[in-house]
Amino acid sequence: MNGRETPSKRFVIRGGRVIDPARNFDRTEDIGVDGDRISAASESDAAPAAGEIDARGLIVCPGLIDMHVHLREPGAEHKETIETGTGAAVAGGFTAVACMPNTKPAIDNIATLQHVIERARQIGVCRVHPIGAITVNRQGTEVVDMTALKQHGAVAFSDDGDGVENDSVMREAFARARERDAAIIQHCEYKAISAGGVMHKGRVSDALGLPGLDPRSEEDMIERDIALVRETGARYHVAHISTARAVELVRRAKADGLPVTTEVCPHHLLLTDDACSEQDPNTKMHPPLRTAEDVAACRRGFLDGTIDCIATDHAPHTAEEKARGFLKAPPGIVGLETALALTCEALSEDGSIDWCGLIRSMTVAPASVLGVTTPSLTPTAPADITLIDPRKSWRIAPETFHGKTRNTPFGGRDVVGRAVATIVGGRLRHQLADEAHRFERLSPIN
Ligand code: NCD
Ligand code: ZN
């Protein structure tokens with residue numbers, strides 16, 4: 001589906017700029033792949049008829065991980081499926097995604113969890129790490145059986161789409177997550193404060209006469225949660241951070257040595273609530289696009305290490321759903337196929353990019369929050385590899401997306417930087433059509 005799959009057992013990725021944040025490595029090197037593992041390039045070279053990928057001019061890095069994706073299966077397969085969502089993931093350079101549990105039914109029970117894991121194994125084209133719900137049916141009242149869910153493969157817990165509002169339920173959730181060393185990923189929003197809002201509450205919403213979402217709904221929950229982290233010692237991850245004060249709260253918590261991490265979405269690094277002026281439903285998402293000060297604070301927070309991860313919050317909704325108009329359309333935009341280029345744009349204003357930092361935020365950092373294998377390009381590591389052309393100019397064309405839906409405000413935008421190939425467990429799962437010459441020598445050997 002995404003380019004050609006190769007049965008090639010051994011190949012060498014030759015001449016690329018290898019960036020491996022786990023060992024602060026950044027220099028030109030050949031990388032060998034032997035079956036589903038990384039091998040010493042010299043060994044793969046020595047093998048008869050080993051294939052070759054020409055990576056000159058490309059960055060070769062561990063496979064990107066998107067820790068915040070809505071795959072919609074089970075229950076909303078008209079928006080996305082595990083097959084289409086993971087197809088979009090590899091097209092965007094991701095070799096693994098963590099999927100949110102706001103499915104129907106929610107991933108609050110073993111059967112649904114196992115269903116997702118099994119479907120991903122059968123038809124997924126990248127790795128899928130399911131996130132379990134914090135509370136039963138995501139209703140915020142009864143904490144799930146975290147022990148059982150973790151034993152069966154849930155990597156973290158989140159009620160994403162909703163925040164857990166009740167203090168004692170949240171305290172209980174933190175205590176249980178702490179015992180199991182699992183992170184709580186909170187969608188921070190007090191509905192009592194945000195209720196009815198369809199965009200950021202401020203100058204633009206006032207001018208448009210639209211109900212606004214007060215940034216305090218996000219910030220107050222982060223504040224409450226940090227107090228509970230202080231009390232319980234649980235690992236806490238703020239999902240899709242979006243306001244200046246939220247970034248400052250996380251910065252202070254980190255300075256206090258608390259186990260607090262956070263992620264930011266590319267759209268919150270690039271767009272302000274001004275983008276909602278035309279009331280395009282593709283500019284509607286939770287949290288909403290905020291002010292220029294918030295965008296600047298998120299960028300600063302990323303650059304100074306307060307924000308650990310880039311995550312897309314890939315939230316597919318159909319054209320029909322988005323056609324309901326700004327007030328009624330469901331919130332959310334897709335992100336898997338645009339994240340890399342948009343992040344480059346957001347972080348390269350002064351002309352240069354700290355590629356090692358950017359790749360760390362999309363590999364090692366999310367893996368550490370999720371507690372999954374540290375991505376790396378050292379021999380014997382799983383052969384999950386992304387090849388990036390940092391200079392590739394292209395125009396975002398939603399009609400070419402591999403995912404099911406097209407809900408993005410970035411259609412038609414000219415961007416730079418693109419995944420040329422995505423290798424998952426030694427298998428080429430995506431290859432950019434107009435870079436075919438790089439793969440000519442990737443001949444199957446069996
Ligand atoms: C998410 C979705 O569609 O599942 N939407 C979004 O705008 N991020 C859920 C959510 O986080 O509200
Ligand atoms: Zn959310």
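No hydrogens, no waters, no symmetry mates; every other heavy atom, side chains included, goes into these values. Since we're looking at a predicted model, the values are computed, not measured. We count ligands from 1, going down the list as the structure has it; atoms in each ligand are counted the same way. Position 1 is the first residue of the sequence, and the numbers go up from there.
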For the residue pair N109 and T112, confirm or rule out a side-chain donor-acceptor distance under 3.5 Å. yes
Are R290 and T243 close enough that a side-chain donor and a side-chain acceptor fall under 3.5 Å? no
Distance below 2.8 Å from the Zn ion (ligand 2): protein N/O/S atoms: D160 OD1, H187 ND1, H240 NE2
Checking H314 against E80: is there a side-chain donor and acceptor pair closer than 3.5 Å? yes
Side chains of R180 and T147: is there a donor and an acceptor less than 3.5 Å apart? yes
Residues that F174 engages under ring-ring contact (aromatic ring centres under 6.0 Å, His included), provided they are two or more places apart: Y236
Listed partners of H68 passing ring-ring contact (aromatic ring centres under 6.0 Å, His included), at least two apart: H70, H240
Ion pair E179/K150, N-O distance below 4.0 Å: no
Could D434 and R418 be called an ion pair, given the rule that one side-chain N must be under 4.0 Å from one carboxylate O? no
Per the under 4.0 Å non-hydrogen criterion, ligand 1 touches H70, R72, N102, D160, G161, H187, H240, M285, H286, D313, A315, H317, P331, G332
I'd like to know if R251 and E248 make a salt bridge, using a cut-off of under 4.0 Å between side-chain N and carboxylate O. yes
